[in-house]
*Asks:* 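Got a structure for you, questions after.
Values below: every heavy atom of this structure, side chains too, minus hydrogens, waters and symmetry copies. In the text below, chain A, chain B and the rest are named by the order of the sequence lines, each starting its count at 1.
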Amino acid sequence: MSAEILKVSGLATSYGKIEALKGVDLRVESGKVTCLLGPNGAGKTTLMMTIAGILQARRGSILLEGKQLVGLSPANIVTQGVALVPENRLVFPQMSVRENLLAGAYQRNDKVGIAGDIERMYTRFPRLRERSEQLAGTLSGGEQQMLAVARALMSRPRLLLMDEPSLGLAPMVVADIFRIISELNRDGTSIFLVEQNAHMALQVAHHFYLMEQGKVTFDGTPGELAEDEVIQRAYLGTSRRSDP
Amino acid sequence: MDYLDFIDTIQSIADGVLFGATYALLGIGFTLIFGVMHKINLSYAAASIGAAYASLLILAGFKVPPAFVFVLSALCGGVIGGLVYWIGFKFIPLNNPLATLMSTLGLLLLIDEIVVHTTQGVPLAYPVLFSDVIIPAGPFNLRGDLIFVFMLGCICMVLLLLLIYRTRLGIATRAVSQQPVASALCGISTTRVNILTFVITGVLGGIAGAMIGAAIGMLSPLLALPLTVKGLIVCVIGGLGSIPGAILAGLLVGGLENLFQFWRGVSERDLYIMLLLFIFLVFRPGGLFATAPGRD
């Protein structure tokens, strides 16, 4: 057992009377990519939003290297070193690419460091450099996803949460995104990824969880995942295709 | 139309445009709060007049030069803006669209009543600056007091635009207005941005109130309601949430209002402004600067 950066236990979150998370337990290992699979409406986004502090947990705990995150404000959680790349990207459409990145660094005060990090983002995502002064709303879906990732990285997170980064993107762009995920991970960022594209996730993730109706129903390694018959049928297709 | 009529027509438009700077500031106030919170603050114009009244009271109590009235009004406006947030928004469920409409309508009436009771409803003279200056421009004469009001309005707008587009606070404000969830994820505190928006628009409103007082030479509680309507018209014509739109629409409404007053008299002029609003609502409901929707 290696060290865990995030430990979620007994977590419950509700929308009014509807309980979306019914006691979720999982852990994200430090320096690894952990992937959460699950059908629509399983509560994956709710879990991400609860960890990020946008939604309030009703019960349970979220520990970031032992520190309780439940009850902290979203801003406070960002300063603790957690950043979420939200579902549907949610870039600031009427702000330039550069301003989006600056907004991502809102919690920081080191002007020089921020400028350096923007430069680093431009090196990692060359398209963003080209579009630096363009309004984010005019970018393509893939470019917006890159921007959303770069914006999250601007807070220098230790744990990066990503909610369906491949949603609605062309296969080539999806491959790009996953290449970036493994690069980020190699550079030392722990990643907790929500994904429906199990084929792609299998290539980067070290550990898998499956969530259904607000509960974790599978917990295992990529090998165990690939062997699980139910998951195979639901997420990988009954016959194994050779192309990803 | 003979030459003199033509000159008078242009003159009245020019006077109106100069006075329109006050409408522009009021429109910006409405539009900024709408942009950030997606709420209409109906008490805004009344609060602006209230700030101008408060500055008169302070001016009467202390011996300070009349020019200070603008600074005082701005400060009072900021304080009242913060109070409006505290009373009308902080404890009100924001997901109910009607709740804050009601609370700010209540605040409009409350501020109006406070003004009526402290002044017995009697209009008060407001210090007018540069009223004896007339700047001749060809066949036209530009009134010094209106020029002063206009310049002051322009300075405020430039400072505001710099604040919104060139500072960290501006980025936070725009982030919250464009994508509240993502801004929270960036660590921007929505509540803090909301409060600051109310204080900043309050300062603008205080200056607008003082400008209105200085332009017409007096303050009356009867100003609050028509100014509320004008401010709302300006921000609808400009496009809800658009600052450049509010500026342009303010000057446009100011100019046209004075033109209609010159042509048809004071009793009919607002009729035509309403008609203008109607035309916009039918043919260009997004206003002059309808913001382009993002891809998502």
Side-chain angles (χ1 to χ4, degrees), chain A residues 45 48-49 51-55 72-96 98-109 111 114 135-145 147-148 151-152 154-157 161 163 167-168, chain B residues 28 31-32 34-38 90 93-96 161-197 238-246 286-296:
Chain A
T45 298
M48 288 297 190
M49 290 298 204
I51 297 173
I54 302 286
L55 296 174
L72 296 186
S73 71
N76 219 324
I77 290 171
V78 173
T79 12
Q80 296 297 325
V82 179
L84 167 62
V85 183
E87 189 180 18
N88 290 323
R89 313 181 270 276
L90 306 187
V91 298
F92 304 114
Q94 302 292 314
M95 276 159 61
S96 72
R98 175 178 286 275
E99 286 173 332
N100 267 269
L101 295 179
L102 284 173
Y106 187 75
Q107 282 290 320
R108 295 168 55 186
N109 278 315
K111 271 201 162 163
I114 292 172
L135 293 185
T138 65
L139 302 183
S140 74
E143 289 164 348
Q144 286 191 5
Q145 187 63 57
L147 178 57
R151 182 181 65 186
M154 286 303 291
S155 66
R156 293 201 172 163
L161 311 172
D163 196 349
L167 193 73
Chain B
I28 288 174
T31 230
L32 256 184
F34 182 84
V36 171
M37 295 189 75
H38 289 262
K90 189 172 193 293
L94 292 180
N95 49 9
N96 182 339
L161 288 175
L162 286 176
L163 179 74
I164 301 275
Y165 289 101
R166 288 283 178 278
T167 66
R168 194 163 159 268
L169 174 64
I171 284 189
T173 311
R174 282 182 292 150
V176 168
S177 75
Q178 289 173 28
Q179 191 44 263
V181 171
S183 66
L185 291 175
C186 287
I188 298 168
S189 159
T190 316
T191 317
R192 217 175 126 247
V193 168
N194 287 345
I195 295 172
L196 278 170
T197 307
L240 273 175
S242 164
I243 296 170
L288 290 169
F289 287 81
T291 44
R295 271 170 182 261
D296 281 339

*Asks:* Rounded at 0.5 Å granularity, tell me how far CG in A:N109 sits from CZ in B:R168.
*Replies:* 5.0 Å

*Asks:* Test B:Q178 against A:N100 for side chain to side chain contact (heavy atoms under 4.5 Å, CB included), laying out the working first.
*Replies:* CA-CA 11 Å; B:Q178 289 173 28; A:N100 267 269; over 6 Å; no

*Asks:* Sort out for me which residue in A:I77, A:L161, A:L84, A:V85 forms a side-chain contact (heavy atoms from CB on, under 4.5 Å) with B:L185.
*Replies:* A:L84

*Asks:* Would you indicate whether the side-chain heavy atoms of A:M49 and B:V181 approach each other to under 4.5 Å?
*Replies:* yes

*Asks:* Please report the closest heavy-atom contact between B:G187 and A:A75, naming both atoms and the distance.
*Replies:* O-CB, 3.4 Å

*Asks:* If every non-hydrogen atom of A:Y106 is compared with every non-hydrogen atom of B:R192, which pair is closest and at what distance?
*Replies:* OH-NH1, 3.7 Å

*Asks:* To the nearest 0.5 angstrom, please state how far the CZ atom of A:R89 sits from the CD atom of B:Q179.
*Replies:* 11.5 Å

*Asks:* Closest approach of B:C186 and A:R151, non-hydrogen atoms and distance?
*Replies:* SG-CD, 3.7 Å

*Asks:* Minimum heavy-atom separation for A:P74 to B:A184, with atom names?
*Replies:* CB-O, 3.6 Å

*Asks:* Answer yes or no: is there a side-chain heavy-atom contact under 4.5 Å between A:F92 and B:S183?
*Replies:* yes

*Asks:* Using non-hydrogen atoms and a 4.5 Å limit, figure out which bit of A:A103 sits close to chain B: side chain, backbone, both or neither.
*Replies:* both

